[in-house]
Amino acid sequence: MPELPEVESIASRLREGTPGQAPLIGVKILSAQVLWPRTLVAISPQRFCETLAGQTIETIGRRGKFLRIDLTRHTLLIHLRMSGDLWVEAADQPLARHSRLILNFTDTRRLTFHDPRKFGRVWLMTDPQAVLGSLGPEPFDASLTEQVFHQRLQGVRRQLKPLLLDQRFLAGLGNIYTDEALHCAGLHPLCLSNQVTFAQASRLLACIRAVLDEGIRRNGASIDWVYRGGDFQNYFRVYKRTGLPCPSCGTAIQRILVSQRSTHFCPGCQPYP
């Protein structure tokens with residue numbers, strides 16, 4: 001599943017453009033097509049298409065793992081889930097097999113939501129907070145100080161791995177960056193949050209920000225056929241490295257299941273508390 005760095009990379013690509021593609025800011029929507037109706041949440045395909053026609057893209061950003069596209073009168077929220085991606089392409093190009101939703105622009109381009117597994121979802125809203133309001137703070141939020149982060153950890157008694165994956169606690173982390181951040185901080189994924197000291201919490205917050213920064217700098221991770229373009233997978237320290245030596249201490253990386261999620265850690269650097 002694309003996580004914060006992957007979604008941020010997509011938002012940046014759409015917002016700022018690429019060497020071969022102009023930005024989408026200021027582009028007007030000519031029409032929309034819904035090829036998989038279940039992609040939409042709480043709106044019919046007909047109403048969706050009628051509402052979008054004629055609106056202009058004003059801003060493109062991210063909140064947690066949601067891509068946010070602010071239009072003239074509404075906001076599009078897109079959650080890529082397991083296999084979603086967004087492609088900007090010429091409007092006359094043949095559609096790819098797994099195209100689920102299309103925005104046609106007046107400049108002869110289109111934005112295609114490509115989603116092989118059909119888990120991705122799109123909302124068209126006047127009040128995006130109805131969806132985004134339940135999310136926890138952003139990892140880079142200046143108001144998320146070391147003290148605040150430690151207090152949030154102390155406020156619950158949960159294992160660190162599932163807690164950091166909980167989008168209500170902290171928005172944007174998934175399996176990859178949680179494993180990498182916990183290794184960086186030297187904390188076992190089963191460590192209880194209310195037993196984390198202030199010094200450990202400070203280091204964990206710094207490590208979360210560091211691995212996310214590195215992920216963004218490298219345009220995310222491309223670990224299978226789903227997300228394209230990043231190379232952070234070449235710099236993993238523990239994720240998907242079961243049996244390989246830890247780059248810090250040489251101990252073999254182990255894999256366990258935590259809340260039914262594959263979890264990778266180093267027993268030498270991250271001893272069980």
Side-chain angles (χ1 to χ4, degrees), residues 1-25 59-69 78-88 111 114 135-146 149 160-161 164-165 167 169-187 189 201-241 244 246-248 253 262-266 269-270:
M1 175 187 294
E3 303 179 27
L4 187 156
E6 289 77 35
V7 179
E8 182 63 37
S9 297
I10 292 171
S12 176
R13 186 179 77 220
L14 300 180
R15 182 177 58 246
E16 300 168 16
T18 63
Q21 197 66 256
L24 292 186
I25 302 299
T59 62
I60 300 174
R62 177 199 54 78
R63 175 72 170 100
K65 298 179 187 179
F66 287 86
L67 185 77
R68 174 172 177 161
I69 301 178
I78 303 174
H79 201 297
L80 303 173
R81 298 282 173 88
M82 292 296 294
S83 63
D85 199 359
L86 291 167
W87 300 352
V88 179
L111 179 66
H114 186 261
L135 295 179
E138 288 284 321
F140 296 111
D141 193 328
S143 65
L144 185 64
T145 63
E146 296 173 342
F149 185 60
L160 282 179
K161 175 67 183 277
L164 293 177
L165 291 177
Q167 300 302 293
F169 180 79
L170 192 65
L173 286 177
N175 227 22
I176 296 173
Y177 297 92
T178 297
D179 283 1
E180 292 294 302
L182 287 172
H183 177 264
C184 169
L187 291 171
S202 300
R203 177 162 176 77
L204 177 56
L205 181 58
C207 285
I208 289 171
R209 288 169 169 167
V211 297
L212 291 175
D213 260 333
E214 183 71 2
I216 293 171
R217 190 173 73 84
R218 299 190 179 280
N219 296 314
S222 302
I223 58 173
D224 53 27
W225 49 272
V226 174
Y227 176 76
R228 307 159 295 128
D231 70 343
F232 186 58
Q233 69 277 5
N234 298 321
Y235 301 90
F236 289 162
R237 300 176 68 82
V238 291
Y239 186 75
K240 292 236 173 175
R241 299 189 72 247
L244 296 175
C246 168
S248 297
I253 302 300
S262 290
T263 298
H264 308 81
F265 72 102
C266 170
C269 296
Q270 302 165 260

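All values below were derived from every heavy atom in this structure, side-chain atoms included, with hydrogens, water molecules and symmetry-related copies excluded. Just so it is clear, the structure is predicted and the values come from calculations on it, not from any experiment.
- Between the side chain of E214 and the backbone N or O of A210 there is no donor-acceptor pair closer than 3.5 Å.
- Contact detail for A181 and V211: the closest heavy-atom pair is CB-CG2, 3.9 Å.
- Residues L164 and I208 form a side-chain contact, since some pair of their non-hydrogen atoms from C-beta on lies under 4.5 Å apart.
- With values rounded to the nearest 0.5 angstrom, I60 atom CD1 is found 5.0 Å from L24 atom CG.
- The shortest side-chain heavy-atom distance between L205 and T145 does not fall under the 4.5 Å cut-off.
- Between the side chain of E3 and the main chain of G174, a donor-acceptor pair closer than 3.5 Å is present.
- Between the CG atom in L182 and the CG atom in L160 there is a gap of 6.0 Å [rounded to 0.5 Å].
- Distance alone, capped at 3.5 Å, is enough to place a donor-acceptor pair between the Q270 side chain and the L187 backbone.
- Rounding to the nearest 0.5 Å gives a distance of 5.5 Å between CD1 of I253 and NE2 of H183.
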Decide yes or no on side chain to side chain contact (heavy atoms under 4.5 Å, CB included) for I216 and L4, but give the supporting numbers first.
-> CA-CA 8 Å; I216 293 171; L4 187 156; 3.9 Å; yes
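- Between L80 and L67, the closest side-chain pair of non-hydrogen atoms is not below 4.5 Å.
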Where do T263 and T178 land on the side chain to side chain contact (heavy atoms under 4.5 Å, CB included) test, with the steps shown first?
-> CA-CA 9 Å; T263 298; T178 297; over 6 Å; no
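- In plain terms, the two heavy atoms of H264 and V238 that are nearest each other are CB-O, 3.2 Å.
- Between Y177 and E6 the shortest heavy-atom distance is OH-OE2, 2.7 Å.
- Under the 3.5 Å distance criterion, the side-chain polar atoms of E138 are left unmatched by any main-chain donor or acceptor of R63.
- With contacts defined as side-chain heavy-atom distances shorter than 4.5 Å, the pair S248/C266 does not qualify.
- For F236 against R241, the heavy-atom pair with the smallest separation is O-CD, 3.3 Å.
- Here CD1 of I176 is found 8.0 Å from NZ of K240. Values are rounded to the nearest 0.5 Å.
- Looking only at side-chain heavy atoms (C-beta outward), P23 and L14 stay at 4.5 Å or farther from each other.
- Not one N or O on the side chain of Q167 forms a donor-acceptor pair closer than 3.5 Å with the backbone of G64.
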Can you list the steps and then say if D213 with R217 is a side chain to side chain contact (heavy atoms under 4.5 Å, CB included)?
-> CA-CA 6 Å; D213 260 333; R217 190 173 73 84; over 6 Å; no
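- Of the charged side-chain nitrogens involved, none lies within less than 4.0 Å of a carboxylate oxygen, so that D179 and R237 do not count as a salt-bridged pair.
- Closest of all the heavy-atom pairs between D141 and R209 is O-NH2, 3.3 Å.
- Taking 4.0 Å as the cut-off between side-chain N and carboxylate O, R15 and E8 count as a salt-bridged pair.
- Without hydrogens or angle criteria, R13 side chain to T18 main chain gives no donor-acceptor distance under 3.5 Å.
- When all heavy atoms of P5 and G220 are compared, the closest pair comes out as CB-CA, 4.3 Å.
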Walk me through it: do Y239 and F232 pass the test ring pair (Phe, Tyr, Trp, His ring centres under 6.0 Å)?
-> CA-CA 11 Å; Y239 186 75; F232 186 58; 9.8 Å; no
Report the C-alpha distance between F149 and L144 in whole Å, list the side-chain angles of each, state the deciding distance to 0.1 Å, and finish with yes or no for side chain to side chain contact (heavy atoms under 4.5 Å, CB included).
-> CA-CA 6 Å; F149 185 60; L144 185 64; 4.2 Å; yes
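- In this structure C207 satisfies the disulfide bond (SG atoms under 2.5 Å apart) test together with C184, sequence neighbours excluded.
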